[in-house]
There are 2 protein chains.
Amino acid sequence: MREGQIPGATVARLPVYLQVLIEAAEAGIGVLSSDDLARAAGLNAAKVRKDLSYLGSHGTRGVGYDVDGLAHQLSRALGLVEDRPVLLIGVGNLGRALASYGGFERRGFRIVGLIDAAPEVIGQEVAGHQVLPVSELEALVAAEGIGVAVLAIPAAHAQGMAERLVAAGVRSILSFAPTYLSVPEHVTVRRVDLATELQILSFYEHAGPRLPAAPSRHRTGSTARPV
Amino acid sequence: MREGQIPGATVARLPVYLQVLIEAAEAGIGVLSSDDLARAAGLNAAKVRKDLSYLGSHGTRGVGYDVDGLAHQLSRALGLVEDRPVLLIGVGNLGRALASYGGFERRGFRIVGLIDAAPEVIGQEVAGHQVLPVSELEALVAAEGIGVAVLAIPAAHAQGMAERLVAAGVRSILSFAPTYLSVPEHVTVRRVDLATELQILSFYEHAGPRLPAAPSRHRTGSTARPV
DNA sequence: GTATGTGAAACGCTTCACAGCA
DNA sequence: TGCTGTGAAGCGTTTCACATAC
């Protein structure tokens, strides 16, 4: 691993630790051990320690990790010291659900605009935002300094919209469209596809209780408890 | 790897191949090479071939893979030869979006029931289903032979509902609640959390255009085309 | 005593390179 | 010739085990 590089597998777990810490802080817990964190996140203590060690040494031997201090370190590592503006494209059923989801602010993001192509939706008030036409996209991205966009539109329009977002300056796209997006090297796309998730579950159910096996995403399978 | 075991990383990609094949079939394409598949899925040809080889040898050297034949093999491997019944718990914004998502039937699933705890929602007609009270859960799971459930409820209720689902006989849970679920060994949970996804994106945007780096989930970064 | 931080071993996944077959 | 199928090498991640520090 190159100096200062945090492994991808670790990066994908940092948000998990952060969430556990936020909940612990709200519950008035001041210190957590790697074992506590592991239990709450469905992992093992060694992995937690190794992951956190990439951020530097922020624990106290014999004691554990200071909840507030570590939460701050994680927020910093994730680039969340202040809320990041997010643009939401597509105000259908899913888009509305995302716009109404309250957990954003609490976790470092702020939806600053809703955009849709349908004339009957434009101008509507959704979750405190007026839906804007696609023509406003570039101006909005520039004005708000938007780097992250969420795509909740049909697959057929996803590639075109992604290209427009990239041209406008967006560098990270979270796409719910069940299709693959071709983007330049410097742009990161993450795709969430419900049917894909269900199919992965279907495999393991169908294949029988395979003892090991757990692909990429968050999988719980044993003791893990919300704090 | 144990005999007959398909690696978890491969399992997570099988739905992707299946989707590409379905779209190719609809476009009238009869044969695809590993390179074609790789391009459409944002992967490389060697990975595609190795992945598909775990299912057996279904390609033709010098030619490629028969689209229909391979799609059938993949469906079989994923346990999707006939539609799997799915139970949806939680009919809020997100639950409605999921219930209304049309892509299910086409990809091997059938929502057979909606359940919610709120009295004002129970009895409503949503996406062609009457919302049932939680008390109907066990009967519905038994009657329809449901093995897969989707949780779209607040984090605070997720663990309790998961336990009830497991007790009723559900073996796979797709959870949208931003909390970890403790389940028995034989139950598989996959978690989808929007804020987590955004935070991972935030890391890479913040950390600058890291050349390598791409954690677990579907990441596109080069040539990939919707068919 | 207790829990972190970390080299080193073990493991799994990806990529390479080419043999095998149409 | 062209593309699949696959051992083997390479690489990243996980786990182990213990020195280190409170």
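A quick note: this is a predicted structure, and the numbers were derived from the prediction, not measured. Every chain is numbered from 1, with letters handed out A, B, ... down the list of sequences.
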Separation of atom OH in A:Y17 from atom P in C:dT4, rounded to whole Å: 12 Å
Rounded off to whole Å, could you give me the CG-to-P distance for the B:L52 and D:dC3 pair? 16 Å
Nearest-Å distance for atom pair CD1/P, residues B:I6 and C:dG12: 16 Å
Taking D:dT13, C:dT4, D:dG5 as options, the one with an atom nearest any side-chain atom of A:S33 is C:dT4
Ion pair A:D35/A:R39, N-O distance below 4.0 Å: yes
A:R13 CZ to D:dT13 P: how many Å, rounded? 9 Å
Would you give the length of the straight line joining atom CG of A:L43 to atom CG of A:L37, rounded to the nearest 0.5 angstrom? 9.0 Å
What is the distance, rounded to the nearest whole Å, between atom CG of B:D36 and atom C1' of D:dT4? 13 Å
Atom-pair distance (CG on A:L43; P on D:dT14), nearest Å: 9 Å
Mind calculating the distance between CG (A:L32) and P (C:dT4) to the nearest angstrom? 10 Å
Using a distance-only test with no angle check, is there a side-chain donor-acceptor pair under 3.5 angstrom linking A:S175 and A:R191? no
No-H, no-angle donor-acceptor pair, A:R61 side chain to D:dT20 base, under 3.5 Å: yes
Nearest of C:dT6, C:dT4, D:dG5 to any side-chain atom of A:Y65? C:dT4
Describe the nucleic acid contact of A:N44 in one word from base, sugar-phosphate, nothing, applying a heavy-atom distance below 4.0 Å. sugar-phosphate
Result for 5'-nearest mapping on DNA chain C, choosing between B:K50 and A:R49, is A:R49
With rounding to the nearest 0.5 Å, note down the distance linking CE in B:M161 to CD1 in B:I173. 10.5 Å
Could you tell me whether A:E105 atom CD has more than 12 heavy atoms of other residues or ligands within 6.0 Å of it? yes
Nearest-Å distance for atom pair NZ/P, residues A:K47 and D:dG12: 18 Å
For B:G59 and for A:T60, find the nucleotide of DNA chain D with the closest heavy atom, then tell me which residue's nucleotide is more 5'. B:G59
